[in-house]
Amino acid sequence: MANGAQTTAGAEITVRGLEKKFGQLKAVDDLSLDIPSGEFLALLGPSGSGKSTVLMMLAGFEVPTAGAITIDGRDCTRLTPQKRNIGMVFQHYSLFPHLSVIDNVAFPLKMRGASRADRRRRAAEALEVVRLEGYGDRMPSQLSGGQRQRVALARAIVYQPRLLLMDEPLSALDKNLREEMQLEIKRLHSELGVTVVFVTHDQGEALTMADRVAILRGGRIQQISAARELYERPANLFSAGFIGEMNMIPAQWDGSGLMLAQGDRLAPPEAALIGAVPSGVATLAIRPERLRVSAPDAPGALAATLEEVVYAGAGTLLIARLADGTEIRARVPSAGLPRLAEGERIGLTFDPDALLVYGEAAA
Amino acid sequence: MANGAQTTAGAEITVRGLEKKFGQLKAVDDLSLDIPSGEFLALLGPSGSGKSTVLMMLAGFEVPTAGAITIDGRDCTRLTPQKRNIGMVFQHYSLFPHLSVIDNVAFPLKMRGASRADRRRRAAEALEVVRLEGYGDRMPSQLSGGQRQRVALARAIVYQPRLLLMDEPLSALDKNLREEMQLEIKRLHSELGVTVVFVTHDQGEALTMADRVAILRGGRIQQISAARELYERPANLFSAGFIGEMNMIPAQWDGSGLMLAQGDRLAPPEAALIGAVPSGVATLAIRPERLRVSAPDAPGALAATLEEVVYAGAGTLLIARLADGTEIRARVPSAGLPRLAEGERIGLTFDPDALLVYGEAAA
Amino acid sequence: MSGKLTPGRLMLMAYVYLVLIFVLAPIVVILPMAFSEPDYLTFPPEGFTFKWFGAFFGNARWMDASVFSLKIAVLTSIVTVVVGTMATYALMRGAGRLGTLFQGLLIAPIVVPHIALAVALYLFFRQTGLSGTVTGYVMAHAIIAMPFVVFTVAAALSSVDATLEDAAMSCGASRFDAFRLVTLPLILPNVLSGALFAFILSFDEPVISFFLAGIRDKTLPRMMFDNIEQNLTPVIPAIAVLLTGVSILVLVCAAVLRRMAQSRSIPAEEG
Amino acid sequence: DELVIATTGGLMRNEMEKWFYLPFTEETGTEVIPFDIEVPDQWARAEGMIRTGNVEFDIVTATGPDLVDKAEMLMDIPCDTLENVKEYALPGACQPKGIARTTGGMVLTYNTETYADNPPESWADFWDVETYPGPRGLPDTGDRDWWLPTVALLADGVAKEDLYPLDLDRAYAKLEEIRPHIAVWWKTGNQVQQIMRDNEVAMTMAYSGRALKVIQDGSPFAMAWDGAIRDTGYLAVLKGAPNPEGAMNFINFFYGAADGHPGFIQAVGYATSSTIGLSQLPEDEQKLYATYPANYEVLVDPDFEWIGANRDELRERWTNWLLQ
Amino acid sequence: MAPFFLLIGFAFLYPLLSLLSISVTEPQTGLQNYERILDTPVYGKVLLRTLWIALLVSILSLFLAFPVAMAMVSSSGAMAVFITACILLPFWSSVLVRTAAWAVLLQRNGIVNDLLQAIGIIDAPVRLLYTQGAVVVAMTHVLMPFMVLPIYGALRNIPPDYGRAAAICGAGPLRSFFEVTLPLAMPGVLGGFILVFLTALGYFITPALLGSPQEMMIATLISQQLREFLDWPFAAALVGVLTLFVTAITLLFSRVFRFDRMLGGQV
Ligand SMILES: Nc1ncnc2c1ncn2[C@@H]1O[C@H](COP(=O)(O)OP(=O)(O)OP(=O)(O)O)[C@@H](O)[C@H]1O
Ligand SMILES: Nc1ncnc2c1ncn2[C@@H]1O[C@H](COP(=O)(O)OP(=O)(O)OP(=O)(O)O)[C@@H](O)[C@H]1O
Ligand SMILES: [Mg+2]
Ligand SMILES: [Mg+2]
């Protein structure tokens, strides 16, 4: 790998009106997307939202029922996969069961006519990258789940593809290994300038690794924007609820202030309004980690009844309920947390800039 | 499901000196374990540490090369799987490709002689539990990865096994679904009192769901204890680094105080010492989320040079370096963080009870 | 399913041995007859002689026929396996809507009695000048062997994961390479079975070969057929002994070679 | 110059080659290409040749009825212009469409041990399962559709001279009687020998030549010639044959090759219809052949004209009876 | 695909159709040959008998072949090779020879009769040869290997995971076999079954040599018409009927057993 680091510019991808039907079901629905060369794009979405299907179409394994895919200005909608020069990690790995680990990894090199010695060397290097030195002679069936996934990863990165498609490539790895792999992938990305489309269920992963994140739902893109923006100003309630946790409190917007059902009145800053918020039914959104515990009657605090305290390592999750029955969650650092009993009345305070207000249409 | 909630007491498992060799390799090595009836035990460990192998032996698919497994006092080391009344989610799902989703889920009921109508009803209920209503007539090949995983889950819980073995049953699900499934599994666990052994790579999952967590490494148990204890007082540096993040700073222990390489001297409270810490080389451990940013010269602060600022949604990761070159990480809330530039000198402060000290033997 | 000796497995093996006895009984009866003195088949054999082997090797007509048949059988098995595997593959990996037609075309050649096929082909080949040519033989034999190859290959192909080829193509393999390097190795046992079937069907096919035969050349099965219909002499079992011997030899060599190859590679894992 | 002669393979072809083809080639320079083929296959192929207008065989092997019902496929034999035929042929050997090659009989053959005291002598005895118990064999090959009605009528008491035209109703009624006692319906010459050797039958109809071989090999069998059906194999020439002249030359040569006949006859177990044939053998041996006068007298001489003309009906009748 | 259709079209379809065409053009244009088949009940009987025997042979083959294939899959290397070798061994002697061997085995004074007498099942030799039983046994012997290998191929590619999943769901070895292994091996089973069944339908050497002519099979009938009676138009009509019949059965079969899944349809 190391020596092969000539910077090939990553592929530039344009997707227009992409659609894929399975029978009646539209797995991907009128999806358009521009991925500039060298971008790291994360695809996020609930199970069954069409992420894998998009990747399969980008790779050329599924033919779209409508729409077009252009790679580097060339229409590729029907181009066969091997001509696209992509590296791919499949969700189910798809290792070749009859080839040893090293032969699996060397396969793409073989296809590119690399010499035997060269193949072995580079495959061994890729195995090192995924921390599988010495596993070369095993057969895939003799590996653990995480080891298989890493072989699939090594196979995708062993050559210099211009486009790297990864379908949850790290899902079977423990945190430490996953972080190491994230770093390796980032390194590869920045060294080689390869374009990456990355499907993950780990939001932290998406937010830390990707230049932009696209949120899919039912085959349609909900939002596509830079990580920070996505997290801090999700475009709609779905994105808001999907990325990270979000408390959503029903409210009434009267053009300048917000009435909560339990009676509090809040005056969020101008910046808190997402899009146009017409007067009437609205939603107040606030992230659990922006809430702090206070006395129930502290000024500006929302009073709530604590229902559950869930310990989660660094943080502790508090589940409470407002007077109108809305559940509200707070994530507070475990360290220094006063002893709280379930059923206790608590107050939840927040900074004004933690507030987001959505109009009815954003639901 | 709902109606079938007669509480069968969960199985009680005793494992003694369990060993499994694959050729030369000891995948599981002298492992002993007591799981009381109804316990929820999480198995954690790096990739390839033997978690799946342990499950396979508990289920009866792999015959241990040494050791014994007792279920409810009965030696089961060599008992065939179908006699053990176990529900299992396989790491690779292993759905029957020739059966529709509903038939897959109904399979265990069929094996137990349930009537056709009963089978369909209960399978449909189980599909509802995993949010797959209406998918009954699909074939497994027509599902997305996460949907398949949920079918596997449904198949494992559709009847009332006394022991539920789950090998990363939620790894392919997005956060929201994963949380829903965690709740369902917990509900099942508490309603039926079934014993659960659960492999996961998600520490949060392990910490929130499990009564106890066992850490595996190279086929051996490193620590087995309740979630909170594991997180707050990991028994050794491996566990400390494996669960959550941990800064490990080389230091010298002189019996009462700790000298850091860069010159600071700390006096940790008595409780900070893990096990016996002989004078000499020691390690100071502190979790990144226990660190706060301050001025570099604030009292009690460790001075460090900031190297990287990584935005990760709710929190931000700061990577800094002490004078002696030790990397130190801090996770601080993103909200209210002052603008920090890479290369800047910062101070890191902490509460005394955040410190942990390990002797040389714990490495 | 592992090598463990459970009662179930014991019963299975007992049954299998019974089947093997059934399979081998006629062979056990036939082979010794090759060494019997009289010029007709006797059981138990009388006397002991190698003269029938001499009769086979010493007779130019037997030898010519053997060489000729061997040539045709080898060609047939190559042609059939290549064409048949390709067709099955194309069909099962979804190249179009020809499924039913394909099935029909496959099934027909086995159903039509060989003699009828022979007559039809004879008429046709005489018009086209293919009769008596190697091409003619190979085509005719390929037709009858084709279903055997297709069904055998299909049985294996149906259980090979199609996404493995996707994986290969994502690595830059062409569809053909993906097939050659990934799918083929996985279905190889069945492809070889198919090749064997084709070889045997061609090598042991008296009716069609005979009709297509030119005036001068003869195939081995036809020679044998004549021999059996007219004067069944122990040359026939002698040929069986020879073929059986050769095939066992090949099998043993293959096994030894594989053992050697294995011992050089991975430190032996079980399974 | 070449001449393609189709005969059954094995012994017949080998001996023909040895005693006639090679000498013929030596004398005339015409190469004989023997083509081994069963008679039915030969006709099938001939039919194909004629349909495609591309004939490969010169001389084929025909049975008596073939000369009649396949007459339109065959060339006329100019009996009068072939010198050796005129000189040596037995009366009746040269027919308009074919000329006799070898003559045998479909003869009743029985086990001499089973019937040591009381050997069967006629087809009536074959039918008499009380006196002569034991499994029997009958042919299911080629010409059984007229052979079997013929012997059935004989068994039923019809005189040889009155057989033709065959009374099929009566014949099949008689056949019905024996049917349950037939253990083997044999298909090939080799098979009939096999069932005799293996004692699968105690009594069977057999080709006399085949039976002869079994007897000579030492199996306890004997032949009862009375009522045996004359079974002559003819040489015939296909219409459109590539080398008709050569074919006639060979026929002529065959009848005149004095040196060939005795050895040939002994080897194949059938007598030729050339006067220079059988008579060269020792008298004792001659008795084993169908054309030995004492045997020839008791043979049934089938009416090929009638058989050929009614072949379709004969076959239809046979098939329906057998399969009912 | 193209070479396949070329080959089949050129060397099979065209010749066969030209042969079939004479069934309606000779002796005169019309369906008289087919009428003759319908008018003569014997032919229907022969056809039915043929189907019956073919079915019997296929079922018997299946029962013999499946366990063998299973044993091959589940045995260790050497054992598997041994079984395979045994199954393939008969291939190297001509079908005709094997048929002759069965004649030897089954004859009145043959080994099987001796054996049966020795065990005491029968007192006197019984007639085994030239019966339908002999035909079925010998045909099974000849055709069974064609069943073993496809089944073996299908079984071999079933990952052990499914068996495990079945076991954990509570299926004993038998249930697991019927619910999982067998359905997954179905392509092989169907493939082998169809091969054997159809081959048996068109078979005539073994039945001719070991059976009784009274139990003639359709191929023998066709062969007789072609070779002995030279009634090619009628023979062609018989071929036509046979082909039609089998096509109908296969279509029915494919409806009922979803045989399209094995060829063509991805599961
Ligand atoms: N059949 C086998 N043959 C040889 N080695 C094996 C086999 N199965 C597993 N191993 C090895 O045993 C070790 C433990 O495997 P196991 O599958 O139990 O790991 P795991 O803890 O489940 O890992 P993961 O989190 O990656 O799934 C691994 O190093 C693996 O390579
Ligand atoms: N072959 C198929 N036939 C029918 N429906 C299919 C097929 N493949 C996928 N689908 C459906 O298309 C939708 C999108 O599937 P896809 O695999 O793209 O989801 P995904 O976003 O990758 O989900 P996951 O996170 O669970 O892997 C799903 O609802 C799935 O059920
Ligand atoms: Mg997916
Ligand atoms: Mg695992």
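Naming: A, B, ... by sequence-line order, numbering from 1 per chain.
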Checked E/G172, E/P159, E/P160 vs chain B; the most non-hydrogen pairs under 4.5 Å come from E/G172
Ranking B/S94, B/P81, B/A152 by heavy-atom pairs under 4.5 Å to chain E gives rank one to B/S94
All heavy atoms of B/A124 vs all of B/I102, minimum pair found to be N-CD1, 4.0 Å
If one checks every heavy atom of B/K83 against chain E at 4.5 Å, the contacting part turns out to be neither
(Q) What I want to find out is whether B/E205 reaches B/R178 closely enough, with some N-O distance under 4.0 Å, to be called a salt bridge. (A) yes
Okay, B/E62 and chain E: the region with an atom under 4.5 Å from a heavy atom over there is side chain
Max heavy-atom pairs within cutoff under 4.5 Å with chain E, candidates B/Q142, B/R84, B/Q82, B/M56, goes to B/Q82
Practice item. State, without any angle test, whether B/R148 and B/N104 hold a side-chain donor-acceptor pair at a distance under 3.5 Å. Key: no
If one checks every heavy atom of B/L99 against chain E at 4.5 Å, the contacting part turns out to be neither
Quick one: does any side-chain atom of B/R155 pair with a main-chain N or O of B/Y93 as donor and acceptor, under 3.5 Å? yes
Whether E/F66 and E/F177 hold their rings parallel, tilted or perpendicular, with breakpoints at 30° and 60°: perpendicular
